[in-house]
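Notes for the one structure printed next.
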Amino acid sequence: MIDPTSIPPYLPEEIEPKWQARWEADALYEPSPDPSKPKHYALTMFAYPSGDLHIGHWYAMTPPDTRARFMRMRGYNVFFPIGHDAFGLPAENAAIKHNIHPKAWTYANIQRMDKQLRMMGNSFDWRSELITADPEYYKWTQWWFLQFLKNGFAYQKLAPVDFCPSCNTTLAREQVIGDDRHCERCDTPVIRKDLKQWFFRTTAHAEELLDYSQLDWPEHVKTLQRKWIGKSEGANVIFHTEAGDPIEVFTTRPDTLWGVTFMVLSPEHPLVDKITTEGRKAEVDAYRAQAKNQSDMQREAADREKTGVFTGGYAVNPVSGEHIPIWIADYVLMSYGSGAIMAVPAHDQRDFEFARAFNLPIKVVIQPEGTPAPDPDEMTEAVQAYGAMINSGPLTGTPAEESFETASKYVEEHQIGKRAVNYRLHDWLVSRQRYWGAPIPIIYCEHCGAVPVPEDQLPVLLPDDVEWMPTGESPLKLHPSWRFTTCPACGAPAERETDTMDTFVCSAWYHLRYLSPHYDNGPFDPEKFAYWMPVDTYTGGIEHATMHLIYTRFFHKAARDCGIVTGDEPMLQLRNQGMVLGEDGEKMSKSRGNVIAPDDLVKRYGADTVRAYLIFFSRWQMGGPWSSTGIEGNSRWLRRVWYMFQEPAEQGATEQTLRALRCKAHQTLRSITSDFENFEFNTIVSSLMELLNEMARAKNAGAWASAEWNEAVRLYLLMMAPVTPHIAEELWERMGYAYSIHQQPWPEVDEEATVEDKITLVVQINGKLRDRISLNPGFSDEQARSAALSSPVIQEALEGKTIKRVIVVPGKLVNVVV
RNA sequence: GCCGAAGUGGCGGAAUAGGCAGACGCGCGCGACUCAAAAUCGCGUACCUACGGGUAUGUGGGUUCGAUUCCCACCUUCGGCACCA
C-alpha cells in the first residue's frame, strides 16, 4: 500500500523544465565528429512554421527522438537536428489576410514554435537550427541554382504552366489535384498560361531514380515513386503527312503498327495548323479553343466520353503505306511523348472508344493465344494482350513472345524510327511568381541575355519593403529599385529575375546545411559532410513520397554530378509515421472541432506522459484515433513508477521470486532492444508496463531492496529513458546514480537470466489445445513426447482412439494426431 | 478503373521463418481503503454452453498434423494515381 504523503508527489511541471535546462546547459546533445565512434545521422522532416505545434508534429518528432536517444545509449555518435522550412505561400496568404509582413509573421511563428519544440524534451542539437528564409541559408540555395545552371541541370523555357488565379502563382504538376484540377492549397480550379520558366532537369536522372538498390525504404514509397516516374519502353516511329511533314509518335506496341487506322494529335500540337484543311478550319479552331480552357471542363473528361475533330489531313502508315486520317483530340496530351499518337483501335482501349465514337475503321492485327481473331464489327472492347501477329505484312505469324522484339527491330532496320524510353516524370518547374521565396539569381540583359549573378554577389537579398498584395505578377516586379540593376557581364542597364524558387528547392538540401548552418565558405563544411553523411534514418509523413523525396534524391545526384557531394543517395533508411486522428476517428481539423492541442496536454499531464501515450497508442507507422481517456493510462503508469520505485516496503522475498524478477527484467530488455531497432515503439511501452506489473508482485512478495530489485529498477530507468527522459533522469538521481542517465550505455542482456525455471509444454490433439505440462527447461523431444502421452488428461481424451502421428515442436508443443 | 495499405473483444491494439489468439492499456463490473467521493490498491472481463465442451481474427474456399499468419476468390474501409499512347 502506497502512502502518497511519505514521498514527494510526481510533478512533471517542475522536473521537466529543470532537466531540459540542465541538458541544454551541458550540451548533452551537441555531437562533434568523432572517428572513434560509429555515427548516426537521424533526420526528421522539418516543419513549416504555421503557428502552433500540432500533435502531428509531436507524432513525427518524438518517436524518432526516442530512437535517437536509444542509438546514443548504444554507443553511436548521434546527430539529430531541427529547423524550419520557412519560405512558402501560407506566410503570404496570412500576410494578405491579416496585413502583416510575411517575414514578421514567419519569424514570430518560429519563435513560438521553438518554445513548444523545447517542451517536447527531444534531444535536438539546437546548434544546427536553421531557417530556410535566412539570407545565410538562401544564399546557398541560390548558389546551388547557379551550380545546376553551370552544369546543365537548370534551364529556362517558355512553357504552358498550371496557374492558380487565387494564389496568383504557377503550380508544380503535383500541386494540381483531382479531376477538376484544383490548387492543392486553396482548391481554386487552375488555368493554363504560357510563361518563361526555370526548370531543373529531373528527367536526366529518371533512370537512376528507379534504382533503389542502396536504399532501405518502405516498399510502398518505392512503388509510389516508380509509378510517378512512369517508365515505359517502346519505340518512336516517324509517320509522314501526305504533304511530307514528319510526325513522330511514341508507342509501347510497335507490334501493332499494321493495325493503325488513324492518327491523333494533341490540340496543342504545332503541326495542327499546317495539316488542317480549309474546310475543317473552323471546327478545328473551335475545338482547340475549348480544349485550352480545359481546367473546368476536365470534369467531363473524367467520364471518358471521347471528343475530337477531323483535321482533313492524312498521313501515310510507314509500314503498310495506307493513308489514314489525322484527328485532334484532348485525350492526347502534349506533355507526354511527342504529343501525337498512332491509333490502334483494335488493341488500345482509348483508341477503340474514339473509333467507335467517330465511326473509324478497326483493324485486328494481334491474335491472342487460344482464341480466334476477334471480328472488328463485334468487338466491345480493345484486345490489349500480346499475341501472334496477323494481317501484318512481312511480320505476319510472329508469335507473341517475339512480337515486341521483332517489330522493334523491323522499325529500326527500315529506318522509320527507333527504340525509345519515355518517362511520365517531368522536369521540375522551380519558378514561382511569388514574393516569399529565395530569389532566382539571374539578371536579364538586353545584350547578354540571362546572366547568372556572380557567386561573390550572393545572396540576392529579398527586399523587405514590397507590396505583397496579389496582382498576378511577382511582387518583386513592383519594386523598381530592386528590380532594375546593371548587367554583371557588360554593365548595361538590366533587370533582375523577379520569380522566386519553389520551396521544395529549399527543402531538397537542408540536411546538408544542418551539418554547419553558419559555415560561409560553401553550402556545408566538407569535414562535417565526410563524417555525418549520408543520413542514416529519415523519418516523416508519407505525403512526401512523390514530391520532396524525389526532389531530394535528384538534388543529391545532380550535386554529385557537379562534383560537390559524394555518394549516390542522401538518405539510406526511410520510415513513415501514420497520422493521429481526432477522437471521432476523422482527420483533425478546426472545422470539425476535433483538434488535440499538445500544449494543453503538457500542462495537464507533462511531456513524458504525452510522449509515452503517442508511442503506446498504436503502431507508429499506422497512426490512429486519439483517446483522451487512453492517455490517462500512461499518466497512471508514470505515477505508479514514481511511487513504486521510491516507497520502501517489507523485505524477505524467496529465491524463486527474485529469480523470476530478474528473468522478467532481462527478457524485457531483450525485447525492448529489438523493438527500438525495428521502430516498434508501441510494444516498448507495453513491455515496460508488463515488467512493472511483475515488479509490483515481487515487491509485494518482499523483493524490495534486494540486489535483484535494485538491478530491475536500474534497468527499468535505463529502458524508459529514451521514451520518458525527464522522469527517468529525476528518478535516476533520486536512486543515487550519477548524472546523466542519458549518457549511460545501453545495458546488456544476461541471456542466462532469461531462461525460465519451468517451461510450459502445450499438448494438442488434432491441433486443439488439450493440456499444458510444466517441465524443466532443456527437455528433449522424446521427453516431451512421453510427458504428453502420459498426461492423465490426454490419456482420457485418447481413449478408444488410434494415434496416427505425434508431432513435436522442440521445447514448445506436442500435437497428437488421431 | 488501376496501384498500395488495412480489416482481431465494448474501444486502441498484441501475437506472423505457420505452433497456447486477445499481451499491454482504455472502458466496464466486484472488492479493499474512506463518513462519503476522488485518487490508489486487489480481483474479474471474447461469445455460447445441457459445464462434458463448443464457436471465434471481414466472407467463402484451399494447402497443412496445426492457419490471425501461406495460396485463390470476394466484400468493406482508408490512402495514392487517374485517358501517360
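Only this structure's heavy atoms are used, side chains among them; waters, hydrogens and symmetry mates stay out. Every chain is numbered from 1 and lettered A, B, ... according to where its sequence line falls, protein lines coming before strand lines.
Every residue two or more places apart in sequence or in another chain that forms a ring-ring contact (aromatic ring centres under 6.0 Å, His included) with A/F645 is listed here: A/Y716. Applying the side-chain contact (heavy atoms from CB on, under 4.5 Å) rule to A/T673 yields the partners A/F70, A/R74, A/L669, A/E677, A/W746; only residues at least two apart in sequence or on another chain are considered. For A/Y613, the ring-ring contact (aromatic ring centres under 6.0 Å, His included) test picks out A/F617, A/W626, with sequence neighbours left out. Residues satisfying the ring-ring contact (aromatic ring centres under 6.0 Å, His included) test with A/F250, not counting sequence neighbours, are none. Every residue two or more places apart in sequence or in another chain was checked for a ring-ring contact (aromatic ring centres under 6.0 Å, His included) with A/F779, and none qualifies.
Heavy-atom nearest nucleotides on RNA chain B were determined for A/L769 and for A/A696, and the one closer to the 5' end corresponds to A/L769. Between A/K812 and A/R636, the one whose closest nucleotide on RNA chain B sits nearer the 5' end is A/K812.
Side-chain atoms of A/T760 lie closest to B/rC20 of the nucleotides B/rA15, B/rC20, B/rG42. Taking only side-chain atoms of A/L813, from C-beta outward, the nucleotide of B/rC24, B/rG19, B/rC83 with the closest atom is B/rG19.
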Under 4.0 Å protein heavy-atom contacts per nucleotide of nucleotides 60-72 of chain B, with B for base, S for backbone only and - for none
-----B-------
Heavy-atom contacts, protein to nucleotides 46-52 of chain B, under 4.0 Å, summarised as B (base), S (sugar-phosphate only) or - (none) per nt, yield -------
Validation: residues 810-818 of chain A side-chain donor-acceptor distances under 3.5 Å, sequence neighbours left out:
residue	atom	partner	partner atom	Å
A/N815	OD1	A/N766	N	3.4
A/N815	OD1	A/G767	N	2.9

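Using a 4.0 Å cut-off on heavy atoms, the residues of residues 611-619 of chain A that approach RNA chain B are A/F616, A/F617, A/S618, A/R619, listed by number.
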Pairs under 3.5 Å (N/O, protein and nucleotides 76-80 of chain B):
none

Distances under 3.5 Å between nitrogen or oxygen atoms of protein and nucleotides 54-58 of chain B:
residue	atom	partner	partner atom	Å
B/rG54	OP1	A/R770	NH2	3.4
B/rG54	OP2	A/R770	NH2	3.3
B/rU55	OP2	A/K768	NZ	3.4

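Base pairing in RNA chain B gives the following stems of 3 or more Watson-Crick or G-U pairs, range against range and under 3.5 Å: B:1-7 with B:75-81, B:10-12 with B:24-26, B:27-32 with B:40-45, B:46-48 with B:53-55, B:58-62 with B:70-74.
A straight line from CD of A/E632 to C1' of B/rA38 spans 12 Å, rounded to a whole angstrom.
Around atom CE of A/M579, no more than 12 heavy atoms belonging to other residues, nucleotides or ligands sit under 6.0 Å away.
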